[in-house]
Protein chains: 2
Amino acid sequence: MKKTPDIPKCEMVKRYVRHLLKDDIIAYGEKLPSEHDLTEKFQVSRQTVRQAFGELTVEGLIYKEQGKGTFSNYKKGAKGSQIVAVVTTYLSGFVFPGIISGIEQVLSDEGYMMLLSNTNNIKEREAQYLKSVLEHNVVGMIIEPTASSGPNVNSRLFSVIREKGIKTVFINACYDDFDSAYVLLNDKKGGYTATEYLLQLGHTRIAGIFKTDDKQGVNRMQGFTDAFRTYGADGDQRLIGEYDTANMYDYPYMFAQSLLRSKNRPTAFFCYNDQCALMVIQAIHDQGLSVPEDISVVGYDDSISPLNSEVKLTTIRHPKQEMGVQAARFMVDMLEGRAEKPQYTHEPELIVRKSCRNI
Amino acid sequence: MKKTPDIPKCEMVKRYVRHLLKDDIIAYGEKLPSEHDLTEKFQVSRQTVRQAFGELTVEGLIYKEQGKGTFSNYKKGAKGSQIVAVVTTYLSGFVFPGIISGIEQVLSDEGYMMLLSNTNNIKEREAQYLKSVLEHNVVGMIIEPTASSGPNVNSRLFSVIREKGIKTVFINACYDDFDSAYVLLNDKKGGYTATEYLLQLGHTRIAGIFKTDDKQGVNRMQGFTDAFRTYGADGDQRLIGEYDTANMYDYPYMFAQSLLRSKNRPTAFFCYNDQCALMVIQAIHDQGLSVPEDISVVGYDDSISPLNSEVKLTTIRHPKQEMGVQAARFMVDMLEGRAEKPQYTHEPELIVRKSCRNI
DNA sequence: CGCCTCAACTTGTACGTACATGTTATTCTA
DNA sequence: TAGAATAACATGTACGTACAAGTTGAGGCG
């Protein structure tokens, strides 16, 4: 009486061989039973055994040498050839030296290789890379979701990834419909803290510019409006600007310019990130005004070295390196069975420099 | 009469299918002839066709759907799933934001993914990664050789890589016994230029500290001694220090300290790289001396921002970003058939700052 | 004793057959 | 005409056989 008659015989053989390898019955480099041995043991044809061996070879668990036999290619501690994929939205700019180098440090130390790719926040490229990852025998993925505030159009692909046993760690943002390990930054609180700071300085007409195709931007905007509500201040909807990946290089400047030319112009700007803040500062300067004397500006991410820039920008610290290190640690812990689904949210921190004044 | 009767039939089928795909007879996503069709066309058994299809599936060229058929998975322009491996010695330090980001820019633009790993200058890790790369269906490798001044113990692995048709571009250094595309820096000339500069400033007792397990260091030392010979100056052998990866964090300091304490101390130091120069400057300061008043120092690589450091270090510029970009362009050109074996050597450039004076 | 041959064993290639499973389009039925 | 049944066709799994090719060790020969 067979337990599960619907399991293919080929699958039975594969399971048996995996058991031999993973339970240390056959050590790395040692010889496996020959095809003929397994033919007799399982009472299957040699073709069936060959098929099983073939698939295990593709998986990299075993290798064959004609005339000699089939051998274990499975090392328990040796993750030397294992790949962790890292899929981010942007690599240039501030993320590269930060999060990525944090991830790299840990993975390199632990002997993993790192497969880098970036989506430029385009959903199709995310899909393309997810498929590639599935083809290339990757053991884990660290993902910064693409256009995370929109619907997760790639959820089917993520399901396949999960089914294949590939571990995932989300960073910066995560999809609502996919439960996974993550390392986030509390962007809502960051937006709140920055806005609170400006309100406490006496500003009331505070403009907010947010990139809202990422969840980060949506959360920062949420914190912005929450702060107004808490402090009982009136938030002027016309002072809030939203943009996305497509117009990220011109919108902040244009929006700031139009506000500055209006008769009741804002006295402060809270910007989605430092890059955005730089464009706003440019617009302020181009109007013949100065920071912080005329207008106060708060950025986000602390991605611009205060040494190099003219204006010492007050901003929210983004623990890039630490988050990268932690995401990679989470990944390694999961891969090596020390953790199930670790999750952590970092708390943001206001860095006061010299781009704001009280009024 | 058959042309080549020693080619397996299975191989014949594979070649035919490849031809169908690569010569655009069957476009991406279109259906291939069924197993039965090819059985008749080639007068082989279905098993043989199945074997060919199986191997092509592993290569990622085709995919099958039960009941529907077999389809092309080959896109001419779409290299989205193709991987270029990058094997460097160190990733932390100066290389990471430089060469790697240069490589990354190009590969990312061209739609390739990048597999990062670093050897920490350990030959065994190089071997380990080369093997992994062979297993993971990589189309190209950009390699900074490990311990390049020593014998190329991994030459057999490199041969296998070549046989598999994997393209290689060497960066910073290359092995003598392996002809390949490369992007180098003329380190001999760099060493010469730096030393010449010190000699022209009137220095005669110039110390040189070199990391000689890499070819870069050997070449820089060569340029150093060449300059002495050209200028007819006496090079004191006792002023030359050689170290390697194992003692890279203490040797420069110790060696400089011992020279500074000697009665006939040098008036200038030429250092293997800026990191080394920083340790030498530390040793000089610790002896109560200052740079450049008492001792002149020249570094190499221009890897330390002059904004952040106390001493504005005169150094040789290493076009990190440019070299990374070029290596990646070479790789893409080779992969897409626009170049055979491109090679280029960058010329170094002296950057005069404030760590040297004439005497 | 050293070398060579060969048998035994391993995987590789190739043929054949049969039936299962999934997809699609046609045909038949209500 | 809408829906169900079915035939035709695709790949998936599994059995069997035969011979080729590479490796190894035992035995025999000089």
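Just so it is clear: chains get the letters A, B, ... in the order the sequence lines come, proteins before strands, and each one is counted from 1. FYI, side chains are in, hydrogens and waters are out, and symmetry mates aren't considered; it's all heavy atoms of this structure.
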Checklist entry - Base, sugar-phosphate, or nothing for A:Thr48, non-hydrogen atoms under 4.0 angstrom? => result sugar-phosphate
Checklist entry - For atom CZ of B:Arg329, is the number of surrounding heavy atoms from other residues, nucleotides or ligands below 6.0 Å larger than 12? => result no
Checklist entry - Hey, where on DNA chain C does chain A first and last touch, going 5' to 3'? Cut-off is any atom under 4.0 Å from a heavy atom. => result C:dT10 to C:dA14
Checklist entry - Which word best sums up how the rings of A:Phe158 and A:Phe170 line up, parallel for under 30°, tilted for 30 to 60°, or perpendicular for over 60°? => result tilted
Next on the checklist: Looking at every non-hydrogen atom in both residues, tell me the closest pair between A:Tyr90 and A:Glu144 and how far apart they are.
Outcome noted: N-OE1, 4.4 Å
Item to check | Which residue lies more 5' along DNA chain C, comparing A:Phe53 with A:Gln47 via nearest heavy atoms | outcome: A:Phe53
Checklist entry - Does OP1 or OP2 of D:dT11 have a side-chain N or O of B:Arg50 closer than 4.0 Å? => result no
Checklist entry - Do side-chain atoms of A:Thr146 reach the backbone of A:Glu126 as a donor and acceptor pair under 3.5 angstrom? => result no
Item to check | N or O in side chain of B:Thr70 less than 4.0 angstrom from D:dA10 OP1/OP2 | outcome: no
Item to check | Considering all heavy atoms, the nearest B:Thr57-B:Lys64 contact | outcome: OG1-CE, 3.7 Å
Checklist outcome for this item: A:Lys9 atom NZ is separated from D:dT13 atom C1', nearest whole Å, by 10 Å
Next on the checklist: Rounded to whole Å, please give me the gap between CD in A:Glu11 and P in D:dG12.
Outcome noted: 15 Å
Next on the checklist: Expressed as a whole number of angstroms, how long is the span from A:Gln66:CD to D:dC19:C1'?
Outcome noted: 13 Å
Checklist entry - What is the distance, rounded to the nearest whole Å, between atom CZ of A:Arg46 and atom P of D:dA18? => result 13 Å
Checklist entry - Would B:Asp176 and B:Lys215 count as a salt bridge (Lys or Arg N to Asp or Glu O under 4.0 Å) if you check the C-alpha gap in whole Å, the side-chain angles of each, and the deciding distance to 0.1 Å? => result CA-CA 10 Å; B:Asp176 292 327; B:Lys215 215 159 232 167; 3.2 Å; yes
Item to check | 5' precedence on DNA chain D between A:Glu55 and A:Lys68 (nearest-nucleotide basis) | outcome: A:Glu55
Checklist entry - Could you state the CG-P distance from B:Leu56 to D:dT11, rounded to the nearest angstrom? => result 13 Å
